[in-house]
Number of protein chains: 2
Amino acid sequence: MSPTKIEQRQATVHALLTEGRRQFARDGYAAVSLAGIVDALGLTKGALYHHFPGKAALFRAVVEQVQEQVAARVVAAAEAAPGSWRQLTAGCEAFLRASADPEVQRIMLIDGPAVLGWDVWRALDDASSGRHLREALQAVIDDGVIAPQPVEPLMHLLSGAMNEAALWLARSDDPRDLDDTVAALHSLLDALRSPANGAT
Amino acid sequence: MSPTKIEQRQATVHALLTEGRRQFARDGYAAVSLAGIVDALGLTKGALYHHFPGKAALFRAVVEQVQEQVAARVVAAAEAAPGSWRQLTAGCEAFLRASADPEVQRIMLIDGPAVLGWDVWRALDDASSGRHLREALQAVIDDGVIAPQPVEPLMHLLSGAMNEAALWLARSDDPRDLDDTVAALHSLLDALRSPANGAT
DNA sequence: CCAGTTGACATACCGAGGGTATGCATTCTA
DNA sequence: TAGAATGCATACCCTCGGTATGTCAACTGG
């Protein structure tokens, strides 16, 4: 019994995404050739262009997949924490740890904005981890843990801080840097807490 | 009297840098062709490859130039402020304003890390604005304005926060966002101040 | 069960663009 | 002033993204 068409399609798309992610992460977007991807899978460019409009579209699909996996780890860590404040800090720390993966870094943080454009990249982030950060910040404000203030500026400051910190930590050889960074991040966040408000 | 060789060289290099910066900023690194740059100057690719080892090298030279200009604005703002703490905040705000330029954004913040690699990009930043941020942070620690702590994690958190905020602000249509961002950044920095320490 | 259609690829080809090898004229230098 | 070095042009190659077209198997309605 030969595989059904829908199965075949799913298998091919999955293979292209997997191999694409491998090579994009290892060599960077610009240095990856479509021929190299399809050759590694025993396919041809015709197959790739049947499923994706072009190289950038394949890369975008890979980015979305990476974003979703990072967001999943963030959500899992946040949900395990009690109270909105602990959920925020736990989510931030989980994001830092998830972004330590070199594949995540190269694809999501370095090549992503340049290849897709910053606006598209931001929109993708807003659909995954960015949204959770925004909701977590709104929650701590609603709970009165930090002073009422516009969420958007704060969200972008924190998002950028964590992205850059993740990239730096990956190059750092001192294991204490992660703890120091988390500590510095916590002290920055602590700044926002309303006076006379403990953990919530 | 014909121009001397050293003059000719300087003029050509300067023209390549200027036109390169224009096109890199307008179209993005990947969409810029070397033929397009040299055609706009009435030159040929031979001239470009005589002065630069390749496309990436020209781009790197442009990035360095942009970095230096941003750093100059940061330094100017910082030097005009009294005391280490005010110098830090003034420098941060100047960086945000300087990074509002679309040319700076596209070249320095978006394409830079992807084209040059994050490590090279970081090294370039450390040679300009990054160094000043580190020194400013060290100064406020030495002056006892903020609690003693590792400078590197803090520097990367702040650097990333400002980079991302600058990109977001450029897309924002609400002029209050800049003020809100600066306010949020100030409140984050305030978190670090040692108790019982006014402006220094 | 079968003719016609759709879909999942493969093959062949094109053009753009980065990089290189080489030629040439002018300026420098001994 | 003759040879060397330099600034730049010309011609060429090759990789690679994208497209047009062909082909065979799987689906679908009668």
Side-chain angles (χ1 to χ4, degrees), chain A residues 1-24 26-63 107 111-112 114-117 120, chain B residues 1-24 26-63 107 111-112 114-117 120:
Chain A
M1 50 175 290
S2 50
T4 176
K5 271 199 172 181
I6 182 78
E7 285 172 346
Q8 187 62 36
R9 179 185 183 88
Q10 289 177 340
T12 302
V13 168
H14 181 265
L16 287 170
L17 286 173
T18 303
E19 183 64 24
R21 173 168 176 168
R22 265 179 42 111
Q23 299 204 17
F24 284 140
R26 194 188 54 194
D27 305 328
Y29 179 83
V32 168
S33 77
L34 298 183
I37 293 179
V38 294
D39 282 357
L41 298 171
L43 296 174
T44 65
K45 286 200 292 180
L48 197 157
Y49 276 91
H50 182 71
H51 295 288
F52 297 95
K55 187 184 181 183
L58 172 63
F59 180 75
R60 180 195 166 118
V62 170
V63 170
I107 293 173
D111 282 340
V115 173
L116 305 176
V120 172
Chain B
M1 52 173 288
S2 48
T4 176
K5 271 201 171 180
I6 182 78
E7 285 172 348
Q8 186 64 34
R9 179 186 183 89
Q10 288 177 341
T12 302
V13 168
H14 181 265
L16 287 170
L17 286 174
T18 302
E19 184 63 25
R21 174 169 175 168
R22 265 179 43 110
Q23 299 204 16
F24 284 141
R26 194 188 54 195
D27 305 327
Y29 179 83
V32 169
S33 78
L34 298 184
I37 293 179
V38 294
D39 282 357
L41 298 172
L43 295 174
T44 64
K45 286 200 292 180
L48 196 157
Y49 275 92
H50 182 70
H51 295 287
F52 297 95
K55 186 184 182 183
L58 172 63
F59 181 76
R60 181 196 165 120
V62 170
V63 170
I107 293 173
D111 282 338
V115 173
L116 305 176
V120 173

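The figures here come from the full heavy-atom set of this structure, side chains too, leaving out hydrogens, waters and symmetry mates. As the structure is a computational prediction, the values presented were derived from the model and not from experiment. The sequence lines fix the lettering, A, B, ..., with proteins before strands; numbering per chain opens at 1.
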Take the protein atom [atom1] of [X] and the nucleotide atom [atom2] of [N], then report the distance between them rounded to whole Å.
{"X": "Phe52(B)", "N": "dG7(D)", "atom1": "CZ", "atom2": "P", "value": "13 Å"}
{"X": "Leu34(B)", "N": "dG17(C)", "atom1": "CG", "atom2": "P", "value": "10 Å"}
{"X": "Leu58(B)", "N": "dG19(C)", "atom1": "CG", "atom2": "P", "value": "11 Å"}
{"X": "Gln10(A)", "N": "dA8(C)", "atom1": "CD", "atom2": "P", "value": "11 Å"}
{"X": "Lys45(B)", "N": "dA11(D)", "atom1": "NZ", "atom2": "C1'", "value": "11 Å"}
{"X": "Asp39(B)", "N": "dA9(D)", "atom1": "CG", "atom2": "C1'", "value": "13 Å"}
{"X": "Leu48(B)", "N": "dA9(D)", "atom1": "CG", "atom2": "P", "value": "11 Å"}
{"X": "Leu41(A)", "N": "dA10(C)", "atom1": "CG", "atom2": "C1'", "value": "15 Å"}

[X] side chain near [N] phosphate (N/O to OP1/OP2, under 4.0 Å):
{"X": "Ser33(A)", "N": "dT15(D)", "result": "no"}
{"X": "His50(B)", "N": "dC8(D)", "result": "no"}
{"X": "Thr12(B)", "N": "dG7(D)", "result": "no"}
{"X": "Gln8(A)", "N": "dA26(D)", "result": "no"}
{"X": "His51(B)", "N": "dC8(D)", "result": "yes"}

Flag the pair Leu43(B) / Leu48(B) as yes when at least one side-chain heavy-atom distance between them is below 4.5 Å, and no otherwise. no
Do Phe52(A) and Leu17(A) have side-chain heavy atoms sitting under 4.5 Å apart? yes
Could you spell out the base pairing of DNA chain C in dot-bracket, with Watson-Crick or G-U pairs whose two distances are under 3.5 Å, [ ] crossing and | to another strand? ||||||||||||||||||||||||||||||
Which of dG17(C), dT20(C), dA10(C) is nearest the side chain of Ala47(A)? It is dA10(C)
Looking only at side-chain atoms of Leu43(B), point me to the closest of dA9(D), dG18(D), dG19(C). dA9(D)
Given the options Leu16(B), Val63(B), Ile107(B), Arg21(B) meets side chain to side chain contact (heavy atoms under 4.5 Å, CB included) only with Ile107(B)
Kindly give the heavy-atom pair with the smallest separation between Ala30(A) and Lys55(A), and that separation in Å. O-NZ, 3.9 Å
Looking only at heavy atoms, what is the nearest atom pair of His51(A) and Val13(A), with distance? ND1-CG2, 3.5 Å
Hey, does Val32(B) reach any base, or is it just sugar-phosphate, or nothing, if we go heavy atoms under 4.0 Å? sugar-phosphate
Using a 4.0 Å heavy-atom cut-off, does Gly36(A) contact any base of the nucleic acid, only the sugar-phosphate backbone, or nothing at all? nothing
Ring-plane angle category for Tyr29(B) and Phe24(B), please: parallel below 30°, perpendicular beyond 60°, tilted otherwise. parallel
Any chance you could lay out the side-chain contact (heavy atoms from CB on, under 4.5 Å) test for Thr12(A) and His50(A), step after step, and finish with the verdict? CA-CA 10 Å; Thr12(A) 302; His50(A) 182 71; over 6 Å; no
Ser33(B) side-chain N/O to Gly36(B) backbone N/O, donor-acceptor pair under 3.5 Å: yes
Checking only heavy atoms, does the side chain of Lys55(A) share a donor-acceptor pair with the base of dG18(D) at less than 3.5 Å? no
